[in-house]
Amino acid sequence: MIKKLVSIVGARPQFVKAAAVSRAIARMPGLTEVMLHTGQHFDEDMSDVFFRELGIAPPHYQLNINGGRHGEMTGRMLIEIEAILVDEQPNIVLLYGDTNSTLAGALAASKLHLPIAHVEAGVRSFNRRMPEEINRILTDRVSTWLFCPTHAALTNLAHEGIASGVHHVGDVMYDAALDAVRLARVESRILRGLDLAPGGYSLATVHRPDNTDTREALARVLAYLQNAARERPIVLPLHPRTRAAAKRLGLTFDGLMVIPPVGYLDMAQLLENCATVFTDSGGVQKEAYFHRKPCITMRKETEWVETVDAGWNRLWGSDASSTTRRDIPEYGHGDAADRICAVLVGASD
Ligand code: UDP
């Protein structure tokens, strides 16, 4: 029997994860995929470029739902996703990470008694002010298969009493990063375009609501980066939320090399050649490690504790980074997506 999966994506980090898993699904006899894009991120810079560069087939459904408050956005998605799942009657609903699209998919599927596979299960920041934390906890609660990227994720689920269907498979973002770095070396022109020399700049990303939603928080981030930029130029591909927040709050990016959000191949090129990474992104913290770059995380906590333990990542407010750094084998060997598909095709847990 061929199993039909409906994959639900909507935001930038999910396109990266879905690229790795979709490719593995296409290789795996016995699985077929219908992709649903909620439209949470929607324009060329935040969505289309990822589908094109990463070779993801165009989504079968595009809901174009974005903007509004969390309840409104999630509610509109829930209505539309439910109708599509009723029509499609998939064997499995495949969800990624921790966005409102993830939660809407989880609610719709679980009420229809459709089994859910959650990629990046068990990840926790223990900060319930983060909308992502709520989305993760609730999605894990109703998932049949919980695919964990790390040992910490396994432990988190065990503490929440979730044992059935839990698999440590490694990190699909590592699969994606391995593919991208090879392509980026050939195809990306971003260093030349920005007149940057390898090792001559640092890379920053900022978009978490905790860092962008108040004047005080965003001013603190910008002052920190502006100070660091005196030592070495900082390239800042600017998330639309941060751009809008700065405008609203009357803050400027003086002293920083602000560029529009970049595609994943340009991002891989920027990561591979930078000196240091400054970020509040979950994905970028890990990618800094994948490229073996020291990272400063502009937050007080992280979901990716192994990057701190291994000496690659330092949180704001903690002591200076360790000078001894070690590898993190638990992210796997670039075969996390294949391992997920093997479990799903066998439908064992
Ligand atoms: N990313 C990108 N271009 C950018 C900024 C980020 O391709 O201008 C990629 C980044 O490399 C990572 C993903 O987007 O793979 C992370 O997404 P984001 O930081 O938006 O979300 P988070 O990981 O924090 O959920």
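Remember, predicted model here, so these are calculated numbers, not experimental data. In this chain, residues are counted from 1 in sequence order.
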May I ask you to check whether Gln14 and Thr102 show a side-chain donor-acceptor distance below 3.5 Å?
yes
Contact between Cys295 and Thr279 at the side-chain level, heavy atoms closer than 4.5 Å - yes or no?
yes
For the student: nearest non-hydrogen atoms of Ala268 and His291, plus distance
O-CE1, 3.7 Å
Just wondering, more than 12 heavy atoms not from Glu231 lying within 6.0 Å of its CD?
no
Glu306 and Tyr331 side chains, donor-acceptor separation under 3.5 Å:
yes
Please round to the nearest 0.5 Å and tell me the distance separating atom CG of Leu157 and atom CD1 of Ile137.
10.5 Å
Taking every non-hydrogen atom, the tightest pair across Ile65 and Glu80
CD1-CG, 3.7 Å
Within the 4.5 Å heavy-atom criterion, are Leu218 and Thr242 side-chain neighbours or not?
yes
Is there a path from Met28 to Leu54 through hydrophobic residues (I, L, V, M, F, W, Y) whose side chains come within less than 4.5 Å of each other?
yes
Please give me the minimum heavy-atom distance between Ala104 and Met77, naming the atom from each residue.
CB-CB, 3.5 Å
Under 4.0 Å between a side-chain nitrogen and a carboxylate oxygen: does that hold for Arg124 and Asp140?
yes
Does some side-chain heavy atom of His167 sit less than 4.5 Å from a side-chain heavy atom of Arg339?
no
Is any side-chain N of the basic residue among Lys4 and Glu33 closer than 4.0 Å to the acidic one's carboxylate O?
no
Judged by modelled atom types alone, do Gln285 and Thr302 share a side-chain donor-acceptor pair under 3.5 Å?
yes
We want to know whether His41 and Asn66 form a side-chain donor-acceptor pair, criterion being a heavy-atom distance below 3.5 angstrom.
no
Which distance, rounded to the nearest 0.5 Å, do you find between the CD of Glu132 and the CG of Leu103?
12.0 Å
The single option from Asp171, Thr150, Thr307 that satisfies side chain to side chain donor-acceptor pair (under 3.5 Å) with Lys286 is Asp171
How many angstroms lie between atom CD1 of Ile162 and atom CG of Asn156, to the nearest 0.5 angstrom?
10.0 Å
Does the pair Arg136/Glu303 count as a salt bridge with the N-to-O cut at 4.0 Å?
yes
Output, in order, the C-alpha distance, side-chain angles, deciding distance and verdict of ring pair (Phe, Tyr, Trp, His ring centres under 6.0 Å) for Tyr289 and Trp304.
CA-CA 11 Å; Tyr289 161 73; Trp304 306 103; over 10 Å; no
Less than 4.0 angstrom from a charged side-chain N to a carboxylate O is my criterion; do Lys293 and Glu287 meet it?
no
Quick check on Arg243: does its CZ atom have over 12 non-hydrogen neighbours (other residues, nucleotides or ligands) under 6.0 Å away?
no
Please report the shortest heavy-atom distance between Ile81 and Ala108, naming the atom on each side.
CG2-CB, 3.8 Å
Remaining members of hydrophobic cluster (4.5 Å side-chain criterion), Leu194
Ile190, Leu191, Leu196, Tyr201, Leu203, Val235, Met257, Ile259, Val262, Met267, Leu270, Leu271, Val277, Val284
For residues Arg215 and Leu251, report the shortest heavy-atom separation together with the two atoms involved.
NH2-CD2, 3.6 Å
Residues Lys111 and Glu82 bridged, charged N to O under 4.0 Å
no
Is there a side-chain contact between Pro90 and Leu85, using heavy atoms and a 4.5 Å cut-off?
yes
Let me confirm one number: the NZ-SG distance from Lys3 to Cys341, rounded to the nearest 0.5 Å.
11.5 Å
Please evaluate residues Leu225 and Val206 with respect to the criterion side-chain contact (heavy atoms from CB on, under 4.5 Å), reporting the C-alpha separation (whole Å), side-chain torsions for both, the decisive distance (0.1 Å), and the verdict.
CA-CA 10 Å; Leu225 291 177; Val206 185; 4.1 Å; yes
Report yes if some heavy atom in the side chain of Arg326 is under 4.5 Å from a heavy atom in the side chain of Asp309; otherwise report no.
yes
Between Thr38 and Val9, does the side-chain contact (heavy atoms from CB on, under 4.5 Å) criterion hold? Intermediate values first, please.
CA-CA 6 Å; Thr38 62; Val9 297; over 6 Å; no
Let's go through Phe147 and Val172 carefully: what are the C-alpha distance in whole Å and the side-chain angles of both, what is the deciding distance for side-chain contact (heavy atoms from CB on, under 4.5 Å) to 0.1 Å, and is it a yes or a no?
CA-CA 10 Å; Phe147 294 114; Val172 296; over 6 Å; no
Looking only at the side chains, is there a donor atom on one of Thr205 and Ser281 sitting less than 3.5 Å from an acceptor on the other?
no
Could you measure the distance from the OG1 atom of Thr139 to the OH atom of Tyr96? Nearest 0.5 Å is fine.
14.0 Å
Checking side-chain polar atoms at under 3.5 Å, does Asn127 have a donor or acceptor matched by the opposite partner on Glu133?
no
For the residue pair Glu272 and Arg185, establish whether any side-chain heavy-atom pair is separated by less than 4.5 Å.
yes
Pair Arg299 + Asp210, salt bridge at N-O below 4.0 Å
no
For Glu44, enumerate each residue passing the salt bridge (charged side-chain N to carboxylate O under 4.0 Å, His left out) test, keeping only those at least two apart in sequence or located in another chain.
Arg52
State whether Asp195 and Arg192 are salt-bridged, where the test is any N-O pair (Lys NZ or Arg NE/NH1/NH2 against Asp/Glu carboxylate O) under 4.0 Å.
no
Check Arg128 with Glu301, please: is the shortest side-chain N to carboxylate O separation under 4.0 Å?
no
Run Arg23 and Asp179 through salt bridge (Lys or Arg N to Asp or Glu O under 4.0 Å) and show every step you take.
CA-CA 11 Å; Arg23 217 169 291 152; Asp179 284 340; 2.4 Å; yes
What's the spacing between Arg12 CZ and Met46 CE if we round to 0.5 Å?
4.0 Å
What verdict does the salt bridge (Lys or Arg N to Asp or Glu O under 4.0 Å) test give for Arg208 and Asp280, after you've listed the backbone C-alpha separation in whole Å, the side-chain angles of each residue and the deciding distance to 0.1 Å?
CA-CA 6 Å; Arg208 291 257 96 78; Asp280 61 6; 5.1 Å; no
Given side-chain contact (heavy atoms from CB on, under 4.5 Å), test His60 with Leu36 step by step and report yes or no.
CA-CA 6 Å; His60 300 80; Leu36 187 165; over 6 Å; no
How close do Ala121 and Leu146 get, heavy atom to heavy atom, and via which atoms?
CB-CB, 3.6 Å
Quick check: are there more than 12 heavy atoms from other residues, nucleotides or ligands sitting under 6.0 Å from CZ of Arg248?
yes
Kindly work out whether a path of hydrophobic side-chain contacts (I/L/V/M/F/W/Y, heavy atoms less than 4.5 Å apart) joins Ile79 to Leu107.
no
Just wondering, do Asn91 and Pro115 contact through their side chains at under 4.5 Å, heavy atoms?
no
Check the pair His37 / Phe15 against ring pair (Phe, Tyr, Trp, His ring centres under 6.0 Å), numbers first and verdict last.
CA-CA 9 Å; His37 188 327; Phe15 309 140; 5.0 Å; yes
Joint hydrophobic cluster, Tyr61 plus Val86, side-chain heavy atoms closer than 4.5 Å
yes
How are the rings of Trp316 and Tyr224 set relative to one another: parallel (under 30°), tilted (30 to 60°) or perpendicular (over 60°)?
perpendicular
Distance to the ring centre below 6.0 angstrom and angle to the axis at most 45 degrees; does that hold for Arg292 and Phe290?
no
Check the hydrophobic clustering (I, L, V, M, F, W, Y; side-chain heavy atoms under 4.5 Å; chains of links allowed) and say if Leu112 and Leu5 are grouped together.
no
Are Leu94 and Val21 packed together at the side-chain level, in the sense that at least one heavy-atom pair is separated by less than 4.5 angstrom?
yes
